[in-house]
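One structure below.
Residue numbers count from 1 along this sequence. Indexing begins at 1, ligand by ligand and atom by atom, following the structure's order.
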Amino acid sequence: QTGKAAVKFTPTKEDYQKVYNTVAHILDEAGEYDDGSFGPVIVRLAWHASGTFDKATGTGGSNFATMRFEPESLHGANNGLHVAREVMEKVKQQYPWISYGDLWTLAGVAAIQEMAGPKIPWRPGRVDGLASDATPDGRLPDASQGSQHVRDIFYRMGFNDQEIVALIGAHALGRCHPDRSGFEGPWTFAPTTFTNDFYKLLFEEKWVWRKWGGPKQYQDKKTGTLMMLPTDYVLTQDKNFKKFAKAYADDQDLFFKDFSAAFAKLLELGVPSQQFVASEPWNLKTLEEQKA
Ligand code: CCH
């Protein structure tokens, strides 16, 4: 007995809204980086932290934020995500009570919402794990493959075809970097705004193989400035994927609704339900909504 009782801080929804707001402000402090926003790379961090989940063994997912540790941080699929983790570190300094898993997933929510995307229901409860909780390499998708691979990877996490197609629509955001994945270029003309343009472009443009020394990727015939990965293009080739991709190209509201549900599910993969502090996920407010 030291007689010194540890004072445990119990954050409220308002405290998480403060973290959200800090992230929301940092998104635009990217200066010359990429398209002037950390939003896309932060969304990718939230996805790669969660997408390691394996339903059969219950391992992986967002709970332990194991990408902080080697070798997971060095897995090829995670190239470039140090940029997002370093931005997150600044937020963590300001809110030391938040777990990394909660921080990274909440930041993904903030990035989507602030880039004009749908509301993503979210709740805290992830705990920091150890390097020994890390997952083996190979759990994230390989962009050079086809529909069978995409299904194998996402079915392992517990997603169906409709959810797979909805999730990949996040490629409306951001770009590929030759020094990270080897691929190059953005998918859309507005890579810092969340839209259904990814699906529209898939169907409206003519896509041809890019002739270059890099990995096989498509470019739009008209301008040659946009790209599609082989795994993106299969959404127009596989019969069942195509059905959903076409529906999202035609109806942005439907895409927003389905993306929101699938992304919220993704962010909770691997988190035991008893760890969540709230029985239902919350809606965090955008900066715009708080101006009122
Ligand atoms: Fe993705 N993605 N992704 N992706 N991704 C890349 C970049 C982003 C695949 C491959 C790649 C999802 C699914 C898939 C984002 C969100 C999501 C890159 C370029 C490759 C390669 C990396 C680089 O060079 O920087 C493959 C394969 C699949 C599925 O088959 C899902 C699901 C999501 C989120 C819901 C975002 C955002 C980016 C842009 C990152 C940036 O830095 O701009």
**Item:** Sub-4.0 Å atoms of ligand 1 with respect to non-hydrogen atoms of Arg180
**Value:** 23 (C), 24 (O), 25 (O), 42 (O)
**Element-labelled atoms of ligand 1 that are located less than 4.0 Å from some non-hydrogen atom of Thr231** = 27 (C)
**Prompt:** Looking at atom 37 (C) of ligand 1, what's its closest protein heavy atom, distance included?
**Reply:** Pro40 O, 3.4 Å
**Request:** Just do the salt bridge (Lys or Arg N to Asp or Glu O under 4.0 Å) check on Lys222 and Glu205 with the steps written out, would you?
**Result:** CA-CA 8 Å; Lys222 210 189 303 169; Glu205 298 306 318; 3.5 Å; yes
**Prompt:** Can you find a pair of side-chain heavy atoms, one from Met227 and one from Glu184, that are under 4.5 Å apart?
**Reply:** no
**Prompt:** Any N/O of Asp142 closer than 3.5 Å to an N/O of ligand 1?
**Reply:** no
**Item:** Heteroatoms of the protein, restricted to N/O/S, which lie under 2.8 Å from atom 1 (Fe) of ligand 1
**Value:** His171 NE2
**Request:** Kindly identify the option in Arg175, His48, Gln217 whose heavy atom sits closest to atom 43 (O) of ligand 1.
**Result:** Arg175
**Prompt:** How about Trp187 and Tyr218: are their ring centres within less than 6.0 Å of each other?
**Reply:** no
**Request:** Identify the two heavy atoms, one from Ser50 and one from Thr105, that lie closest to each other, and give their separation to 0.1 Å.
**Result:** OG-CG2, 4.2 Å
**Message:** Check the orientation of Phe154 and Trp47. Use parallel for under 30°, tilted for 30 to 60°, and perpendicular for over 60°.
**Reply:** parallel
**Message:** Within ligand 1, which atoms have a heavy atom of Phe154 less than 4.0 Å away?
**Reply:** 29 (C), 30 (O)
**Message:** Students should be able to answer this: which protein heavy-atom is nearest to atom 6 (C) of ligand 1, and at what distance?
**Reply:** Trp187 CH2, 3.7 Å
**Request:** State whether the side chain of Asn196 and the backbone N or O of Ala249 hold a donor-acceptor pair below 3.5 Å, judged by distance alone.
**Result:** yes
**Item:** For Tyr20, the option from Lys285, Gln113, His25 that meets side chain to side chain donor-acceptor pair (under 3.5 Å)
**Value:** Gln113
**Complete:** Of all protein heavy atoms, the one nearest atom 19 (C) of ligand 1 is Cys176 SG, 3.4 Å
**Message:** Against the six-membered ring of Phe159, is Arg151 placed for a cation-pi contact (under 6.0 Å from the centre, within 45° of the normal)?
**Reply:** no
**Message:** Once you restrict to heavy atoms under 4.0 Å, what part of Leu167 touches ligand 1? Side chain, backbone, both or neither.
**Reply:** both
**Message:** Salt bridge or not between Asp35 and Arg175? Use side-chain N to carboxylate O under 4.0 Å.
**Reply:** yes
**Request:** Can you pull out the closest protein heavy atom to atom 21 (C) of ligand 1? Residue, atom name and distance to 0.1 Å, please.
**Result:** Ser181 CB, 3.7 Å
**Lys/Arg cation over aromatic Tyr199: Lys246, 6.0 Å, 45° cone** = no
**Message:** Testing Val43, Thr188, Leu173 one by one against Phe194 for a side-chain contact (heavy atoms from CB on, under 4.5 Å), which residue passes?
**Reply:** Leu173
**Asked** Just which atoms of ligand 1 are under 4.0 Å from any heavy atom in Leu173?
**Response** 39 (C)
**Item:** Nearest-neighbour protein heavy atom for atom 42 (O) of ligand 1, which is reported as residue plus atom name and distance
**Value:** His177 CE1, 3.4 Å
**Item:** Ion pair Asp161/Lys243, N-O distance below 4.0 Å
**Value:** no
**Asked** Is the shortest N/O to N/O distance between Asp34 and ligand 1 below 3.5 Å?
**Response** no
